[in-house]
Protein chains: 2
Amino acid sequence: MDLRPIKSEGDAEPAIIDPLCSVFRRHLKSLGQKYTPERAQVLDVLVELDDIFQADQLFEEMKGRGYRVSKATMYRTIKLLQEAGIIQQVLLTSETAHYQLAYGRKAQDLLIRLDTDEIIAISVPELAAIRDRVCKEHGLKATGHRFQVFASKG
Amino acid sequence: MDLRPIKSEGDAEPAIIDPLCSVFRRHLKSLGQKYTPERAQVLDVLVELDDIFQADQLFEEMKGRGYRVSKATMYRTIKLLQEAGIIQQVLLTSETAHYQLAYGRKAQDLLIRLDTDEIIAISVPELAAIRDRVCKEHGLKATGHRFQVFASKG
DNA sequence: GTCGGTGCAAATGCTTTGCATTGAT
DNA sequence: ATCAATGCAAAGCATTTGCACCGAC
């Protein structure tokens, strides 16, 4: 599946880069690391990309602007930005594929313990209604959903 | 993140293998393919694995039982089982990582069009309450959630 | 004897890492 | 000088594929 074209639900893009930049600098400083031109360029391009992107899109966009940042540096910067809480992974939780029996399709909803990495299958019946409502609002028909709750020991 | 240990919310495991086996055979027949011993072994081990598993777990478990199925065949079988609707991928939608700005954390909820691969960021405020309730029931504290609706043109 | 099925090993594609070089303080 | 950052190329890792051999009908 190629997920390139993204639309966001009605938010223009303000000049969020300044606060993000501060957060990033602070994170880097806390690690004894520097805010380099390469890292600035990654962040710069990133905030202008439509809200979900893949590493390669980012790389191409940077190339298009004439920025000369290597993939290695880009990936290293992405990791730093995740640590800083500036970006987050979507759709994926880990690198490797996970499967489950589709039988009955009951275990679509998951409670994921971040402290123990335990996954608990849960059932949240009202999600079906929410899902259908959302689709209706967009003139679409739901074919399924996925709900993941991240939690840890209170 | 390693997601190995899985618990399911209170379903014992009945002898579901027979119906699944039939479904699989039917799918294979429709493709002009055969229900081979290797494929049977994959299905066999699979239904006994706790409900979410990784390819490698499956492979190790098969080895443990003395089944001699190659990884290539296992992966090919996994693909066939997905086509047949017997298993489905969880947590992943595609192979490559996708990122988004975490700024404001508003775009956690997504409407994914399967017909156009378009992703629309949505906002479903009541999910926070649902998520907190679920965590409470398990004595945990929520740190976040993810909701993905799959849909296509009605 | 024709097909598909299998195992092996090589290929793939995204991401990470080792290492020598470079740059800032 | 020191310490971290960079680019390149090589390594990793999960998954896929090419190919030669095998087996069922």
Side-chain angles (χ1 to χ4, degrees), chain A residues 1-4 24-25 27-46 52-63 66-84 87-99, chain B residues 1-4 24-25 27-46 52-63 66-84 87-99:
Chain A
M1 200 202 267
D2 182 62
L3 306 161
R4 303 277 157 117
F24 195 27
R25 295 178 98 117
H27 177 68
L28 289 169
K29 177 169 267 180
S30 80
L31 296 172
Q33 299 188 199
K34 294 163 206 149
Y35 186 65
T36 65
E38 288 83 0
R39 289 170 180 172
Q41 288 174 354
V42 171
L43 180 56
D44 183 42
V45 170
L46 200 120
I52 293 178
F53 62 92
Q54 296 172 225
D56 201 58
Q57 270 175 86
L58 179 56
F59 188 70
E60 290 304 318
E61 183 63 26
M62 288 198 300
K63 272 208 322 213
Y67 293 166
R68 270 173 228 308
V69 178
S70 71
K71 274 196 168 161
T73 295
M74 179 194 68
Y75 277 113
R76 286 188 276 237
T77 305
I78 284 177
K79 181 166 278 178
L80 286 165
L81 288 164
Q82 282 188 81
E83 289 170 15
I87 61 174
Q88 54 193 159
Q89 282 205 150
V90 219
L91 303 176
L92 298 192
T93 287
S94 83
E95 342 67 46
T96 52
H98 290 72
Y99 307 88
Chain B
M1 202 203 269
D2 182 64
L3 305 160
R4 304 275 157 118
F24 195 26
R25 294 178 99 115
H27 177 67
L28 289 169
K29 179 170 266 181
S30 79
L31 296 171
Q33 299 188 197
K34 293 162 205 148
Y35 186 66
T36 65
E38 288 82 0
R39 289 171 180 171
Q41 288 174 355
V42 171
L43 181 55
D44 183 42
V45 171
L46 200 119
I52 293 178
F53 62 91
Q54 294 174 223
D56 200 57
Q57 270 175 87
L58 180 55
F59 188 70
E60 290 304 319
E61 182 62 27
M62 289 199 299
K63 272 208 321 213
Y67 292 167
R68 269 173 229 305
V69 178
S70 71
K71 274 197 167 162
T73 294
M74 178 194 69
Y75 277 113
R76 286 188 275 238
T77 305
I78 284 177
K79 181 165 278 178
L80 286 165
L81 287 163
Q82 282 188 82
E83 289 169 15
I87 61 174
Q88 54 193 159
Q89 282 204 150
V90 219
L91 302 177
L92 298 191
T93 287
S94 84
E95 341 69 45
T96 51
H98 289 73
Y99 307 89

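Chain letters run A, B, ... following the sequence lines, proteins first, then strands; residues in each count from 1. Just so it is clear, the model here is predicted, and its values are computed rather than measured. Because only heavy atoms are used, hydrogens play no part in the values below, and waters and symmetry mates are left out as well, while side chains stay in.
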- Task: Return each pair, listed once, that meets salt bridge (Lys or Arg N to Asp or Glu O under 4.0 Å) where at least one residue sits in residues 29-44 of chain B; pairs must be two or more places apart or across chains.
- Result: B/Asp44-B/Arg65
- Distance check: side-chain N/O of A/Tyr75 vs OP1/OP2 of C/dT16, anything under 4.0 Å? no
- Query: What string of B, S and - do you get for nucleotides 5-10 of chain C, 5' to 3', when a contact is any protein heavy atom under 4.0 Å?
  - Reply: SSBB--
- Taken to the nearest whole Å, CD/B/Glu83 to C1'/D/dT16 is 14 Å
- In whole angstrom, give the distance that lies between atom OH of A/Tyr67 and atom C1' of D/dA5. 19 Å
- Note on the structure: Here the distance between atom C1' of D/dA5 and atom NZ of A/Lys29, to the nearest Å, is 18 Å
- Heavy-atom pair of closest approach, residues B/Phe59 and B/Ser70: CE1-C, 4.0 Å
- Non-neighbouring partners of A/Glu83 that pass salt bridge (charged side-chain N to carboxylate O under 4.0 Å, His left out), sequence neighbours left out: none
- Item | side chain to side chain contact (heavy atoms under 4.5 Å, CB included) partners for A/Arg25, two or more places apart | A/Cys21, A/Tyr35
- Between C/dC14 (P) and A/Gln57 (CD): distance, integer Å: 12 Å
- Task: Please report, rounded to the nearest Å, how far the P atom of C/dT25 is from the OH atom of A/Tyr35.
- Result: 15 Å
- Note on the structure: For B/Thr77, the side chain to side chain donor-acceptor pair (under 3.5 Å) test, sequence neighbours excluded, returns none
- With a 4.5 Å heavy-atom cut-off, do A/Glu60 and A/Lys63 have their side chains touching? yes
- Query: Rounded to the nearest Å, what distance is computed from the CG atom of residue A/Leu31 to the P atom of nucleotide D/dA4?
  - Reply: 11 Å
- Task: Rounded off to whole Å, could you give me the CZ-to-C1' distance for the A/Phe59 and C/dC14 pair?
- Result: 13 Å
